[in-house]
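This report refers to the structure that appears directly beneath it.
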Amino acid sequence: LRCQQIQRMTLGESHPSYAATLNNIGGIYSDQGDYPKALEYYLRCQQIKKMTLGESHPSYATTLSNIGEIYYHQGDYPKALEYFLRCQQIQKVTLGESHPEYATTLHNIGMIYSDQGDYPKATDYFLCCLAIRETMLHMAHPDYASTLSELSYLCLLYTSPSPRDS
């Protein structure tokens with residue numbers, strides 16, 4: 001918070017470095033589980049990045065993803081999905097469809113669909129994510145394993161007999 005005060009005085013509240021500090025503070029609050037406070041900082045960061053970098057900048061997309069994660073943790077899946085989909089659109093154009101950050105966004109969208117019970121859509125997103133992670137990372141990478149785990153879970157849901165089948 002001291003850094004934030006110094007940057008506000010020296011750089012002003014519309015400087016990209018000030019926005020980065022707000023983003024970092026939001027991340028700390030998120031890690032502590034204080035999602036309302038994290039959201040407050042991320043939204044302020046989003047406003048500054050929108051003004052200074054524009055809505056098509058990869059850093060702006062990262063902030064959208066951070067906001068989406070907060071809404072996800074709060075259980076507001078429609079709002080989270082809205083932010084992740086906006087992030088995905090920007091990343092697709094600026095980073096390309098083979099970038100690891102794009103894969104993470106696909107994974108996050110898959111998680112929302114999975115949690116909402118839309119398993120076919122979740123599977124599609126996880127499979128796209130897995131293909132990118134397999135190519136751009138490696139099969140021993142923790143992110144690859146995470147997506148593979150989510151797909152395994154969905155496979156269990158698909159193949160488990162329903163209670164009516166017993």
Side-chain angles (χ1 to χ4, degrees), residues 13-31 33 35-154:
E13 291 189 12
S14 61
H15 196 279
S17 293
Y18 181 72
T21 297
L22 294 177
N23 184 74
N24 292 340
I25 294 169
I28 291 167
Y29 281 119
S30 178
D31 290 345
Y35 300 125
K37 200 73 171 167
L39 185 60
E40 175 187 326
Y41 278 89
Y42 285 147
L43 289 172
R44 286 172 55 201
C45 174
Q46 178 194 13
Q47 291 171 339
I48 296 167
K49 286 184 178 182
K50 183 177 183 178
M51 249 182 5
T52 58
L53 303 174
E55 293 183 63
S56 60
H57 195 279
S59 183
Y60 182 76
T62 299
T63 301
L64 294 178
S65 179
N66 292 341
I67 294 169
E69 284 186 39
I70 296 301
Y71 284 123
Y72 176 81
H73 288 300
Q74 291 178 325
D76 189 344
Y77 298 139
K79 201 78 166 165
L81 185 60
E82 173 190 332
Y83 278 87
F84 285 137
L85 289 172
R86 285 173 55 201
C87 175
Q88 179 195 12
Q89 291 170 343
I90 297 166
Q91 288 176 334
K92 186 176 188 176
V93 172
T94 59
L95 302 176
E97 294 182 63
S98 61
H99 196 280
E101 285 182 38
Y102 182 76
T104 297
T105 300
L106 296 177
H107 181 94
N108 291 340
I109 294 169
M111 290 296 297
I112 292 171
Y113 284 126
S114 178
D115 287 351
Q116 290 180 321
D118 191 341
Y119 304 129
K121 270 191 179 175
T123 300
D124 289 344
Y125 277 93
F126 287 140
L127 286 172
C128 288
C129 173
L130 193 69
I132 297 166
R133 287 179 168 174
E134 185 175 350
T135 303
M136 301 308 291
L137 304 173
H138 51 81
M139 293 172 69
H141 194 281
D143 289 346
Y144 179 86
S146 174
T147 303
L148 193 58
S149 174
E150 293 300 330
L151 275 169
S152 299
Y153 173 74
L154 292 178

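The basis for the numbers below is simple: all heavy atoms, side chains too, and nothing from hydrogens, waters or symmetry mates. The structure displayed is predicted, hence computed values, not measured ones.
When every heavy atom of G68 is checked against every heavy atom of A80, the shortest pair comes out as O-CB, 3.3 Å. H99 and I132 get closest at one heavy-atom pair: O-CG2, 3.8 Å. Residues C129 and A103 share a closest heavy-atom pair of SG-O, 3.1 Å. Taking all atoms of both residues into account, the shortest heavy-atom contact from S65 to F84 is O-CE2, 3.4 Å. Across all their heavy atoms, Q88 and Y102 have their closest contact at NE2-OH, 3.2 Å. Listed here is the closest heavy atom pair of L154 and T123: CD1-OG1, 3.4 Å.
The backbone N or O of E101 lies less than 3.5 Å from a partner atom in the side chain of T105, making a donor-acceptor pair. Between the side chain of K49 and the backbone N or O of A19, no donor-acceptor pair lies under 3.5 Å. Checked by atom type and distance alone, the side chain of T135 pairs as donor or acceptor with a backbone atom of A131 at under 3.5 Å. Without hydrogens or angle criteria, S30 side chain to G26 main chain gives no donor-acceptor distance under 3.5 Å.
Expressed to the nearest 0.5 Å, how far CG of L130 lies from CG of L151 amounts to 6.0 Å. Atom-to-atom distance recorded for I48:CD1 and T63:OG1 is 10.0 Å, nearest 0.5 angstrom. Separating the CD atom in E82 from the OH atom in Y71 is a distance of 8.0 Å, to the nearest 0.5 Å. In this structure, the separation between OG1 on T52 and CD on Q47 is 11.5 Å, given to the nearest 0.5 Å. How far CE of M111 is from CG of L81: 13.0 Å, rounded to the nearest 0.5 Å. For the atom pair SG of C87 and CG of N108, the computed distance is 8.0 Å after rounding to the nearest 0.5 Å.
Using a 4.5 Å cut-off on side-chain heavy atoms (C-beta onward), N23 and Y42 make contact. Contact annotation: the side chain of Y18 approaches that of R44 to within less than 4.5 Å [non-hydrogen atoms, C-beta and beyond].
For H107 and Y125, the ring centers sit 6.0 Å or farther from each other.
Y60 meets the side chain to side chain donor-acceptor pair (under 3.5 Å) test with Q46, R86; sequence neighbours excluded. When the salt bridge (charged side-chain N to carboxylate O under 4.0 Å, His left out) test is applied to E40, the partners found at least two apart in sequence or on another chain are K37. Listed by chain and number, the residues in a salt bridge (charged side-chain N to carboxylate O under 4.0 Å, His left out) with E134 amount to none (sequence neighbours excluded).
The aromatic rings of Y77 and Y72 sit tilted relative to each other, their planes meeting at an angle between 30° and 60°.
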